*Asks:* 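Here's a structure for you.
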Amino acid sequence: VDVYDFAAVQEKWLPVWDELQPFRSGDPADTRPRKYVLDMFPYPSGDLHMGHAEVYALGDVVARYWRHQGFNVMHPIGWDSFGLPAENAAIKRGIDPRGWTYDNIEQQKRSMRLYAASFDWERELHTSDPEYYKWNQWLFLQLYEKGLAYRKDSWVNWDPVDQTVLANEQVLADGTSERSGAVVVKKRLTQWYFKITDYADRLLDDLNQLEGHWPAKVLNMQRNWIGRSIGADVEFEIEGRQERVPVFTTRPDTLWGVTFMVVAPDSELAAELVAGSSAVVRERFAEYLTQVQKSTEMERQNTDREKTGVFIERFAVNPVNGERLPIWVADYVLADYGHGAVMSVPAHDQRDLDFARAFDLPVRVVVDTNAPVTGVIPVIPTDENGDPFLPDDLLPLDPKSTGVALTGDGRMINSGPLDGLSKGNAVKRTIELLEAEGRGRAAKNYRLRDWLISRQRYWGTPIPIIHGEDGAEIPVPEDQLPVLLPDAEGLDLKPKGTSPLGGTENWVNVPNPIDGTPARRDADTMDTFVDSSWYFLRFLDPNDDTRAFDPKQAEKWAPVDQYVGGVEHAILHLLYARFITKVLFDLGYLSFTEPFTALLNQGMVILDGAKMSKSKGNIVYFTEEVEKHGVDAVRLTMAFAGPPEDDIDWSDVSPVGSAKFLARAWRVANDVTSEPEVDWRTGDAALRRITHRFLADAPGLVEAFKFNVVVARLMELVNATRKAIDTGAGPGDAAVREAAEVTAMVLDLFAPYTAEEMWQRLGYEPSVALVQWRKADPALLVEESVTAVVQVDGKVRDRIEVSPKISMEELEALARASAAVRRTIGDREIVAVIVRAPRVVSIATVG
Ligand code: ANZ
């Protein structure tokens with residue numbers, strides 16, 4: 001055949017690869033060094049979409065590359081198959097989520113195989129199989145035993161459309177659900193949590209190890225999400241209350257500037273304090289609380305928002321100066337951050353200042369932000385009482401009138417023993433004073449909250465806990481795992497705020513494993529992010545029915561050398577996987593603490609600016625594009641579109657151009673007439689130089705993820721080969737064969753069908769995927785030189801060897817520096833120099 005028929009080529013190679021299994025990685029006798037390349041596994045919401053087409057094209061470049069470098073590459077795939085979309089689709093169509101899910105998996109799998117990503121299919125897994133989720137339950141019990149899984153009653157994010165709770169990470173910046181788009185509200189519920197906050201410091205500090213290997217953007221997002229603040233807990237006495245109330249502050253140095261206290265209206269403390277107030281206050285408070293509960297956390301943190309609050313007629317006492325501080329409740333203070341109460345320093349905190357101005361509360365400046373912080377410490381002038389005294393024009397502007405809080409550094413004033421100190425020293429000094437008096441201590445706080453893992457939905461992993469009649473929590477004994485998800489048939493899956501599993505009487509009611517008394521199973525299911533928090537370990541042996549994973553295999557293969565996936569997982573999935581890895585390390589199952597050594601985030605595929613997501617059009621698009629242009633052309637287009645981390649607008653790229661290039665490459669191999677045994681050294685030197693320069697550059701380019709540059713260079717190589725065939729050395733030249741072979745080897749990263757076909761045409765057995773890339777011959781990397789002649793007044797006086805790419809300036813300088821030329825010119829004057837790089841320099845002289 002002389003026409004490149006991609007459909008026939010695809011049909012031809014799929015069964016060959018099935019037979020050969022070139023991508024298996026499990027042979028224990030395999031002595032090659034190992035690499036673990038992992039692409040984020042798909043959610044089976046329908047057929048593959050263009051976003052999948054991108055991630056699996058790019059991840060495969062990396063996997064195939066390392067095989068060509070002599071590594072045994074584990075490149076597994078599976079399905080993240082529990083979750084809400086299945087359940088919502090099932091409700092909408094009145095079908096079983098299981099059937100819907102596994103049908104989709106079948107379809108995706110067919111597409112994925114056609115797409116020819118080099119997966120080790122023997123490792124395929126589905127998180128919704130009992131063989132998988134049994135180990136989610138095992139993991140849960142491991143955390144439970146360590147005190148890292150616990151139940152608590154608290155305000156949770158509630159998605160009123162999906163009727164289920166959401167983790168903080170699932171609430172978008174605008175306060176809506178990342179799943180349903182509904183505005184998330186707060187609801188008080190008893191829920192299961194994983195204690196990720198115990199790992200906050202390690203999750204933060206270990207990010208340093210990943211510097212340079214993970215995108216900086218992701219590292220920053222993780223840092224901000226964990227949000228560590230350093231400061232102090234300060235204890236305030238409350239009039240009429242036995243225990244003191246702690247507040248967290250990052251500015252203990254401003255303690256003398258506190259003029260009131262604010263408590264979160266939805267905190268237990270507020271409820272308790274208000275209970276001791278007048279009926280009028282109680283009523284005002286109740287009204288305010290109702291209003292507050294309608295707003296989202298995001299709204300409450302918005303600094304532009306008008307300040308609201310209620311004075312609850314209670315008072316706190318400043319521990320350092322005994323001042324009486326009115327207590328307010330206001331929604332800008334959050335119940336679940338710090339201790340849910342703040343010491344308000346309106347002079348130096350903008351939120352407090354806005355509040356003080358709104359309710360006409362006093363403002364006292366305690367940091368002179370005009371005073372120099374470094375250098376000589378100025379002596380603070382004092383008045384006759386020994387109090388600091390500063391002329392008015394030296395004092396910073398009064399925040400109460402300007403409305404601008406003084407947040408900068410400076411020297412302490414109005415602060416008793418701190419006066420004259422810089423902010424940093426004042427922070428230290430205050431903490432010392434508080435610690436000495438037992439009224440406070442240094443403290444850290446995190447934005448990170450514990451991970452809420454229970455969901456009131458059906459299609460997930462049942463939580464392996466049984467509740468006794470007496471309220472005791474009994475872990476399901478390990479030998480009784482898995483706790484199987486009951487059949488959906490006959491169950492009402494419609495979201496109603498409680499788990500559908502609770503309605504299955506014969507599933508829920510079980511004897512207490514300890515004493516046989518009546519007991520009930522926990523009816524919630526786990527967040528599916530639990531499933532994906534450790535799946536990379538299950539791939540090591542997905543069929544092991546004796547344990548979640550074998551620590552020895554983990555030692556051999558893990559951590560993942562290269563993880564590839566979308567930046568949309570920058571926080572949730574990656575943070576959870578990092579946390580679970582650290583827990584498993586602490587439990588002695590793993591010898592490493594970070595799951596993913598390197599991370600590549602691919603951009604999004606957009607079509608005319610619209611995000612390619614799970615929408616139907618997008619899926620149609622995948623199938624259509626693959627049918628129209630062939631798998632290889634789509635894959636090559638993904639790699640050629642630009643740097644992998646950039647978004648691809650599919651209407652700006654040219655799969656047609658890719659298909660043309662592939663046909664061109666294939667024709668080159670088709671035209672080669674020499675035999676595989678030919679001696680390359682006899683080949684055309686110029687073409688060989690191009691081939692070897694490419695061989696020398698390609699590995700570095702791939703490792704730097706410059707896939708688009710590699711493709712561009714391949715195109716140059718193919719063009720040069722074509723030229724050599726048509727107008728140069730001819731199809732029988734050894735260099736032409738060499739160039740065609742190198743093209744096939746490298747093209748395998750992007751267009752495996754074409755590469756395999758070329759390889760066969762060149763007279764080799766499959767598979768090109770297992771062929772080692774050749775090393776560049778250093779002798780061929782030395783740049784070719786040309787001879788430049790230098791004339792003086794029309795006579796050739798010197799010849800110099802120069803690079804063909806030499807610039808005019810450089811060539812002129814070399815010519816002027818030539819000893820022969822200088823001798824000829826003597827003391828004559830140069831009047832003109834004409835340079836024609838790289839061949840000629842003409843110098844004209846007079847005198
Ligand atoms: C007094 C103070 C003076 C503060 C000052 C700041 C500046 P980050 O950096 O986010 O950790 N705060 C403490 N608990 C809070 C809560 N539950 N809700 C809202 N705000 C809370 O912020 C820590 C600061 O936020 C704390 O330091 C506290 O205000 C406030 F010149 O204390 B600061």
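Whatever order the structure lists ligands and atoms in, that order sets their numbers, starting from 1. Bear in mind that the values here come from a model prediction, so they are computed numbers and not experimental data.
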*Asks:* Among all protein heavy atoms in this structure, tell me which lies nearest to atom 12 (N) of ligand 1, with the distance rounded to 0.1 Å.
*Replies:* Val342 CG1, 3.2 Å
*Asks:* Atom 6 (C) of ligand 1: which protein heavy atom is closest, and how many Å away?
*Replies:* Asp349 OD2, 3.2 Å
*Asks:* Around atom 5 (C) of ligand 1, find the nearest protein heavy atom and jot down its residue, atom name and distance.
*Replies:*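 Result for atom 5 (C) of ligand 1: Arg251 CG, 3.4 Å.
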*Asks:* Relative to ligand 1, is Val333 under 4.0 angstrom through side chain, backbone, both or neither, heavy atoms considered?
*Replies:* both
*Asks:* Tell me which part of Val345 gets within contact of ligand 1: side chain, backbone, both or neither, using heavy atoms under 4.0 Å.
*Replies:*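 The answer is the side chain.
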*Asks:* Give me the one residue out of Asp524, Asp527, Thr525 that meets side chain to side chain donor-acceptor pair (under 3.5 Å) with Arg455.
*Replies:* Asp527
*Asks:* Indicate the ring-plane relationship of Phe579 and Phe194, choosing parallel, tilted or perpendicular according to the 30° and 60° boundaries.
*Replies:*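 Ring orientation of Phe579 relative to Phe194: tilted.
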*Asks:* With the threshold set at under 4.0 angstrom, would you say Leu334 reaches ligand 1 through any of its heavy atoms?
*Replies:* yes
*Asks:* Look up atom CD in Glu437 and atom CD in Glu235, then write down how far apart they are to the nearest 0.5 Å.
*Replies:* 11.5 Å
*Asks:* Do the rings of Tyr144 and Trp192 sit parallel, tilted or perpendicular, given the 30° and 60° boundaries?
*Replies:*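 The arrangement is perpendicular - the two ring planes meet at more than 60°.
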*Asks:* Any luck finding a side-chain donor-acceptor pair between Asn318 and Trp256 under 3.5 Å?
*Replies:* no
*Asks:* Under 4.5 Å between any side-chain heavy atoms of Arg244 and Arg439, yes or no?
*Replies:* yes
*Asks:* Would you mind checking which non-hydrogen protein atom is closest to atom 29 (O) of ligand 1, with the distance to 0.1 Å?
*Replies:* Arg351 NH2, 4.1 Å
*Asks:* Could you list the atoms of ligand 1 found under 4.0 angstrom from a heavy atom of Ser229?
*Replies:*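 By the 4.0 Å cutoff, the relevant atoms are 8 (P), 9 (O), 11 (O).
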*Asks:* Please verify whether a non-hydrogen atom of Gln301 lies at under 4.0 Å from ligand 1.
*Replies:*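 So Gln301 does not count as touching ligand 1.
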*Asks:* Looking at Glu268, I'd like to know if its CD atom is crowded, meaning that more than 12 non-hydrogen atoms belonging to other residues, nucleotides or ligands lie closer than 6.0 Å.
*Replies:* no
*Asks:* Name the option, out of Tyr337, Phe248, Tyr332, Tyr446, that contains the heavy atom nearest to atom 19 (C) of ligand 1.
*Replies:* Tyr332
*Asks:* Which protein heavy atom lies closest to atom 27 (O) of ligand 1, and at what distance to 0.1 Å?
*Replies:*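 Looking at atom 27 (O) of ligand 1, the protein heavy atom closest to it is Thr250 N, 3.0 Å.
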*Asks:* Within 45 degrees of the ring normal and closer than 6.0 Å to the centroid, is that where the cationic atom of Lys307 sits relative to Phe359?
*Replies:*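 Not satisfied by the 6.0 Å and 45° rule.
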*Asks:* Would you mind running through ligand 1 and noting each atom that sits below 4.0 Å from a heavy atom of Met343?
*Replies:* 1 (C), 32 (O)
*Asks:* Around atom 31 (F) of ligand 1, find the nearest protein heavy atom and jot down its residue, atom name and distance.
*Replies:*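 For atom 31 (F) of ligand 1, the nearest protein heavy atom is His348 O, 2.9 Å.
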*Asks:* Picking from Val530, Leu584, Ile580, what satisfies side chain to side chain contact (heavy atoms under 4.5 Å, CB included) with Leu143?
*Replies:* Ile580
*Asks:* Could you tell me which atoms of ligand 1, counted from 1 in the order shown, lie closer than 4.0 angstrom to a heavy atom of Thr249?
*Replies:* 1 (C), 2 (C), 4 (C), 26 (C), 27 (O), 32 (O), 33 (B)
